[in-house]
Amino acid sequence: MTSPLLELDDVVVEYPGKGRGKKPFRVLHGVSLAIEPGETLGLVGESGSGKTTLGRAVLGLAPVTGGEIRYEGRPISRLGKRERRALSKDIQVVFQDPFTSLNPAMTVMDILTEPLLVTGVARADAEARVQKLLDHVYLPQDAARRLPREFSGGQRQRIAIARALCRDPKLIVCDEPVSALDLTTQARVLDLFIEIQEATGVAYLFVTHDLSVVRHISHRVAVLYRGDIVETGDAAQVTESPEHAYTKRLLLAAPVPDPERQARRRAERLRQAAS
Amino acid sequence: MTAVEFPPAPKRDGLVRRALRDPLAVGCLVVLALLIVASLAAPLLTGYEPDHSVMADTLAPMSGSHPLGGDGVGRDVLSRLLYGGRTSLVGGTLAVLVAFAVGGPLGLISGFYRGWFDAVAGWIVNVIMAVPAIIVMLVVMAAVSQDLNVAMVVLGVIMAPMVFRLIRASVIAVREELYVDAARVSGLGDGRIMRRHVLPVVIAPSLIQATQVFAVAIGIQAGLAFLGLGKASQASWGAMLGDAFTNIYNAPALLVWPGAAMGLTILASSLLGNVVRDALGTAEPRVVRRRKRVERRAAAPVAEAPADRLLTVAGLRVGYPKPGGDKTVVDGVSLTVARGEVLGLVGESGSGKSQTAFSVLGLLPNEAEVTADRMVFDGKDLLGLDLAALNALRGRGIGYIPQEPMSNLDPCFRIGSQLVEPMRKHLGLSRAEARAKALELLARVGIPDPERVFRSYPHQISGGMAQRVLIAGAVSCDPRLLIADEPTTALDVTVQAEVLDLMRSLQQEREMGMILVTHDFGVVADICDRVAVMQKGRIVETAPARQIFAAPEHGYTRMLLDSTLEGGPARGDLRVPDKPLKEVTS
């Protein structure tokens with residue numbers, strides 16, 4: 001049996017408490033999950049559940065104080081700076097807020113060539129690649145000369161996706177990448193994610209609070225509640241007939257765009273809350 | 001999917017070019033340049049040594065040989081002025097260089113790495129700041145060296161904490177930005193992140209700070225020299241002022257030259273800082289036209305409204321003056337709300353839905369130009385209302401629930417006082433009555449421990465709680481209309497469901513009309529009676545909620561409904577592709 005692309009084994013993340021002698025603040029209480037190559041694992045939870053922290057731990061941006069994260073079988077949670085940088089070829093990120101994740105003072109070309117230039121790619125090659133990447137995310141060629149503020153939220157998110165794709169990663173951590181977008185833009189950006197995955201075989205760790213988004217894009221879903229995984233399973237099963245009480249509550253709380261079905265769902269939710 | 005069309009890329013000017021477009025900047029730079037040239041060229045402009053004293057020229061009047069006359073001990077004033085310029089400019093520059101050489105790197109490292117280095121550096125900096133600057137410099141000049149330049153180096157060290165704090169603060173701010181995280185994930189080393197992402201942000205405020213340090217240093221140097229410190233051979237504007245002061249009754253004009261020189265230098269330097277700040281601040285020139293009230297566009301025929309009609313808006317337009325023509329964000333919107341009815345205002349960002357809601361509340365920024373044919377609330381004409389009448393109406397007639405609960409509570413006041421104040425003003429309740437009613441309201445909106453929340457500050461409660469508090473506040477003065485602007489967008493789904501339940505029950509129990517601005521069709525299905533769909537500042541379709549979902553008429557409504565993911569198929573299992581995966585760009 002081949003090992004999964006990414007494996008989290010009983011991962012604990014704690015932030016030091018404020019002041020001497022204070023107990024550290026534990027965000028993740030021993031989380032285990034695995035992502036196969038080319039797979040989307042949806043990670044659902046509400047604010048404060050630790051879902052963003054989990055993504056940041058995989059990226060090396062949050063302190064892993066217990067357990068182990070393994071990438072292609074190799075432990076990566078306590079890497080030195082140099083080794084971590086080498087890993088950036090394989091693990092990339094798309095953040096939630098397309099307005100702060102792009103440096104406002106740099107042109108799109110500079111933003112996109114940056115990750116290539118640090119690895120010693122010649123500028124001409126890097127620029128040629130950026131033009132191709134812009135095609136892939138359906139942005140016009142002259143976008144390269146512009147500043148991020150000239151783009152709408154959805155277009156900025158496309159730039160962020162292009163940046164993540166720069167070096168052909170095998171895993172992209174997507175931290176709520178569509179939750180700041182309009183409904184119609186959201187659908188288009190999600191479809192872009194799927195299209196790219198089908199073309200390149202990249203795997204996604206897709207963090208979101210929205211069950212319908214996670215259902216649309218994920219092969220499997222993990223539900224995070226207060227720092228613990230409470231349920232894992234196929235996307236269809238978790239989003240239709242969840243087993244854990246919290247997931248059930250989450251599902252019933254999401255409003256349906258149909259007045260009659262929503263009235264039924266509301267009644268069901270109130271009935272369950274009362275019992 | 002086709003690529004999006006863009007207008008041609010606008011020309012971008014750098015900071016220098018933008019600053020140079022300001023005549024003030026050019027003036028300042030010319031003044032400073034003249035000062036530098038004049039003090040450098042001092043030997044060419046005057047034949048006298050600055051400390052060459054001729055008894056016969058004591059307080060000599062202006063003449064061909066002494067264009068500005070002689071001073072109290074018979075030295076040439078022009079020569080002293082020019083050579084004194086050297087002392088001032090060199091001194092100011094020294095102080096700036098030292099302050100940045102010490103404070104700059106410390107601030108960068110402290111802000112970027114934080115940790116123990118930050119703690120130690122912060123401690124040292126605080127000690128330096130606690131030391132009285134003038135006294136240190138007096139001691140140094142008395143005990144170490146009479147050279148004014150030494151004093152300026154010391155001043156530079158004393159000013160370094162200001163630079164340190166400024167740079168540290170700007171670095172910390174940038175460090176929190178997601179794009180720095182993204183750069184780290186992209187594999188950039190610390191040095192490169194510093195150079196590419198951090199330094200550019202730090203440079204601009206540093207420039208402004210440098211001009212301030214320069215101006216302060218020149219002033220302090222002159223003060224020291226005025227007190228008689230400094231080498232006698234070192235001509236300086238301060239020493240000139242000292243000399244002029246002793247001869248103030250005999251030759252008052254002696255004060256003018258060094259005073260003017262100092263004034264000009266300090267003024268030019270400070271103003272230059274301001275210009276740089278302005279050039280940084282606004283990228284786009286603003287057109288300011290003030291207009292407070294909603295204006296009536298035409299005398300509209302006053303049709304008799306049905307008795308249960310709460311709000312009528314007709315032909316509402318909102319525009320913002322922009323260079324090159326006004327930008328219209330709401331373009332002829334008409335809507336009505338009946339008593340006890342919930343109207344959903346749906347659209348994408350930029351469709352003008354919030355602007356429409358805000359113009360009913362009279363909450364649009366001053367530069368907004370709002371016109372309407374009709375705007376009638378409960379039989380009262382809203383057009384042309386003055387601020388006082390509008391305020392009374394906003395309290396008692398119309399309540400408002402905002403999108404971001406946290407930013408709509410004042411962090412400086414306890415929640416209790418924020419609830420009590422409006423009730424005392426609008427309902428004329430006593431403090432005790434208002435308090436009792438506030439507690440009752442907090443209990444009504446489902447807050448488990450009203451007493452505790454009443455005493456809490458906003459940061460002590462969760463976002464969902466804060467939204468409940470704001471709902472309590474919105475209904476506290478028994479409004480007949482509630483305007484809710486995306487009231488659940490910032491909340492978790494489970495909390496959203498509870499808040500919607502609360503809003504529905506309050507609305508039914510008090511028979512309030514409600515305008516609910518949202519982009520979420522699930523929320524619309526949950527609570528709205530009627531729906532108005534907005535696109536690009538216009539309402540494209542208005543219909544009962546059931547009808548909108550069952551049989552949307554307008555293409556845009558259908559497009560919006562089609563893009564909801566809810567109810568779509570799940571993605572399915574991962575199929576391992578049998579062909580080798582390819583690179584994205586191949």
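Below, chain A is the first sequence line, B the second, and so on; all start at residue 1. Computed from a prediction, not measured in an experiment: that's the story for all the values here.
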Find the one option among A/Ile194, A/Leu87, A/Leu250, A/Thr239 whose heavy-atom pairs under 4.5 Å with chain B are most numerous.
-> A/Ile194
Is there a donor-acceptor pair closer than 3.5 Å between any side-chain N or O of A/Asp234 and the backbone N or O of A/Ala236?
-> no
Close approach to chain B in residues 93-100 of chain A, criterion heavy atom under 4.5 Å = A/Val93, A/Phe95, A/Asp97, A/Thr100
Which answer fits A/Arg84, side chain, backbone, both or neither, if we ask what part of it has an atom under 4.5 Å from a heavy atom of chain B?
-> neither
Decide whether A/Asn103 and A/Glu114 meet the rule of one side-chain donor and one side-chain acceptor closer than 3.5 Å.
-> no
Please look at A/Thr184 and chain B and tell me whether the side chain, the backbone, both or neither of the residue comes under 4.5 angstrom of a heavy atom of that chain.
-> both
Quick one: what part of A/Arg269 sits under 4.5 Å from any heavy atom of chain B, side chain, backbone, both or neither?
-> side chain
For chain B, which of A/Lys89, A/Lys81, A/His209, A/Arg220 has the most heavy-atom pairs under 4.5 Å?
-> A/Lys81
Go through the atoms of A/Pro37 and report whether side chain, backbone, both or neither lie under 4.5 Å from a heavy atom of chain B.
-> backbone
Can any side-chain N or O of B/Gln467 pair as donor or acceptor with the backbone N or O of B/Pro487 at less than 3.5 Å?
-> yes
Which atoms of A/Val213 approach chain B - backbone, side chain, both or neither, heavy atom under 4.5 Å = both
Any chance the side chains of A/Thr52 and A/Glu176 put a donor and an acceptor closer than 3.5 Å?
-> no
Side chains of B/Ser563 and A/Gln186: do they bring a donor and an acceptor to under 3.5 Å?
-> no
Chain A: which of B/Val493, B/Thr564, B/Thr494, B/Asp526 shares the most heavy-atom pairs with it under 4.5 Å?
-> B/Asp526
Regarding A/Arg158 and the six-membered ring of A/Tyr138, is the cationic atom NZ or CZ under 6.0 Å from the ring centre and inside 45° of its axis?
-> no
Please collect all ring pair (Phe, Tyr, Trp, His ring centres under 6.0 Å) contacts where either partner lies in residues 178-197 of chain A, sequence neighbours excluded, each pair once.
-> A/Phe193-A/Tyr204, A/Phe193-A/Phe206
Under 3.5 Å, is there a donor-acceptor pair between the B/Thr489 and B/Glu486 side chains?
-> yes
A/Asp182 side chain to B/Ser349 backbone, donor-acceptor under 3.5 Å | yes
Check whether B/Asp562 gets within reach of chain A through its side chain, its backbone, both or neither, counting any heavy atom under 4.5 Å.
-> neither
Could you tell me whether the side chains of A/Ser212 and A/Asp210 share a donor-acceptor contact shorter than 3.5 Å?
-> yes
